[in-house]
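We use all heavy atoms of the structure for the numbers below, so side chains are in, but hydrogens, waters and symmetry mates are not. Here the structure is a predicted model, which is why all the values come from computation and not from measurement. In each ligand, atom 1 is the first atom listed, and ligand 1 is the first ligand listed.
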Amino acid sequence: MRIDVVSIFPDYLAPLGLSLVGKAVAAGTLDLRVHDLRECTHDRHRTVDDTPYGGGPGMVMKPEPWGEALDAILDSAAGRPRLVVPTPSGRRFTQEVATELAVAEHLVFACGRYEGIDSRVMAHYADRFEVDEISIGDYVLAGGEAAVLVMVEALARLLPGVLGNPESVVDDSFAPGAMAALLEGPVYTKPPEWRGLAVPEVLLSGDHGRIAAWRREQALARTERFRPDLLGDGA
Ligand SMILES: COc1cccc(COC(=O)c2cn[nH]c2)c1
């Protein structure tokens, strides 16, 4: 998979060189290319934004630099990449969307700032990109870069050979399946007692039936407490 990221703060994407994503890049599973949008400006002040038509607060990102940046990526692209634009006004990012992105050949992330990117950019490229405006949550960030870090990490761990233990993807809280639509319950490891707190004895019992039942009960209780919406039947 090839991933391009276009941003006026390319250094913000440096964490993608670390840990799990960094290993996938080193292994060649991910071909990651970060581009500085300001290299596509040619005025003295390297202008990327201007005031919004129709008035209103803030600034809007100008279309010209984006046109130059996205044309350059298309010139070196094979098929029809997916253009992912992180925005508060996009479709909701979920584990299911992460699995969709994980099977793409080529993702291009456009990091918007200010009040957003001139809408003509997404309209202009609708035939050469699969344009996908995605929100990682109902809040407003200063720019799309942090959302790209979130989405790339979520999709990278689904790529073959990236996770040490592929099993843990199956058990993910939000992976498809009966139990999976619940939140994860509590987890424990050694020592068996820590600062006077013991591990629930069922987990030390070796009785796998009891353990599975206890874990489901804990997952249900946690889901009822924090995410009753996941329990359906109008809960
Ligand atoms: C492209 O237009 C804009 C406009 C404003 C902010 C941003 C950055 O993204 C977010 O704030 C966000 C993404 N998911 N949840 C919040 C992009």
Side-chain angles (χ1 to χ4, degrees), residues 3-16 21 32-41 46-74 77 80-102 104 106-158 172-174 183 226-227 229-230:
I3 294 183
D4 290 86
V5 186
V6 182
S7 166
I8 58 170
F9 292 117
D11 292 350
Y12 204 110
L13 286 306
L16 293 179
V21 177
L32 178 69
R33 309 180 195 194
V34 179
H35 311 271
D36 182 350
L37 183 67
R38 286 208 196 272
E39 286 178 16
C40 297
T41 64
R46 313 202 78 185
T47 311
V48 292
D49 62 327
D50 204 334
T51 53
Y53 276 122
M59 302 288 270
V60 173
M61 297 191 95
K62 294 169 60 62
E64 300 97 325
W66 282 104
E68 194 174 312
L70 296 176
D71 284 353
I73 289 169
L74 281 174
R80 182 168 180 255
R82 200 173 197 135
L83 178 62
V84 178
V85 185
T87 170
S89 53
R91 71 179 177 129
R92 189 68 191 256
F93 184 67
T94 61
Q95 189 67 18
E96 188 182 350
V97 175
T99 59
E100 258 181 68
L101 299 185
H106 186 182
L107 295 174
V108 179
F109 288 93
C111 297
R113 292 215 148 238
Y114 314 109
E115 299 308 308
I117 302 171
D118 186 303
S119 289
R120 288 170 294 182
V121 174
M122 280 61 78
H124 172 68
Y125 284 106
D127 56 337
R128 281 169 291 166
F129 283 98
E130 173 78 32
V131 178
D132 200 354
E133 297 180 82
I134 299 180
S135 165
I136 62 164
D138 294 338
Y139 37 78
V140 182
L141 303 168
E145 288 81 5
V148 171
L149 294 178
V150 165
M151 289 191 265
V152 170
E153 181 161 328
L155 74 91
R157 61 188 292 278
L158 302 175
D172 270 352
S173 288
F174 299 97
L183 300 184
F226 291 116
R227 290 293 304 277
D229 58 296
L230 292 177

Do the side chains of Leu158 and Gln95 get nearer than 4.5 Å, heavy atoms only?
yes
If you have a sec, work out which protein heavy atom is nearest atom 1 (C) of ligand 1 and how many Å separate them, to one decimal?
Pro86 O, 3.5 Å
Do other residues, nucleotides or ligands put more than 12 heavy atoms under 6.0 Å from the OH atom of Tyr114?
yes
Sub-4.0 Å heavy-atom contact, Phe93 with ligand 1:
no
Which protein heavy atom lies closest to atom 10 (C) of ligand 1, and at what distance to 0.1 Å?
Pro88 CD, 3.6 Å
By number and element, which atoms of ligand 1 are closer than 4.0 Å to a non-hydrogen atom of Leu141?
6 (C), 10 (C), 11 (O)
Looking only at protein heavy atoms, what sits closest to atom 15 (N) of ligand 1 is Gly137 O, 3.1 Å
Got an N/O contact under 3.5 Å between Gly112 and ligand 1?
no
Can you tell me which residue and heavy atom of the protein come closest to atom 14 (N) of ligand 1, and the distance to 0.1 Å?
Ile136 N, 2.9 Å
Check whether any side-chain heavy atom of Val5 lies under 4.5 Å from a side-chain heavy atom of Arg33, and answer yes or no.
no
Could you tell me whether Arg113 approaches ligand 1 through its side chain, its backbone, both or neither, with non-hydrogen atoms closer than 4.0 Å?
neither
Near Tyr139, which atoms of ligand 1 are under 4.0 Å from a heavy atom of that residue?
15 (N), 16 (C)
Quick note on ligand 1: atoms under 4.0 Å from a heavy atom of Val140 include exactly 11 (O)
Which of the ligand 1 atoms, numbered from 1, are nearer than 4.0 Å to a heavy atom of Gly144
8 (C)
Could you tell me which atoms of ligand 1, counted from 1 in the order shown, lie closer than 4.0 angstrom to a heavy atom of Tyr114?
4 (C), 5 (C)
Which ligand 1 atoms, with their elements, are less than 4.0 angstrom from a heavy-atom of Gly116?
2 (O), 3 (C), 4 (C)
Nearest non-hydrogen protein atom, atom 8 (C) of ligand 1
Gly143 C, 3.3 Å
Taking only Lys NZ, Arg NE, NH1 and NH2, and the carboxylate oxygens of Asp or Glu, determine whether Arg120 and Asp118 approach each other closer than 4.0 Å.
yes
At a 4.0 Å threshold, what atoms of ligand 1 neighbour a non-hydrogen atom of Glu115?
4 (C)
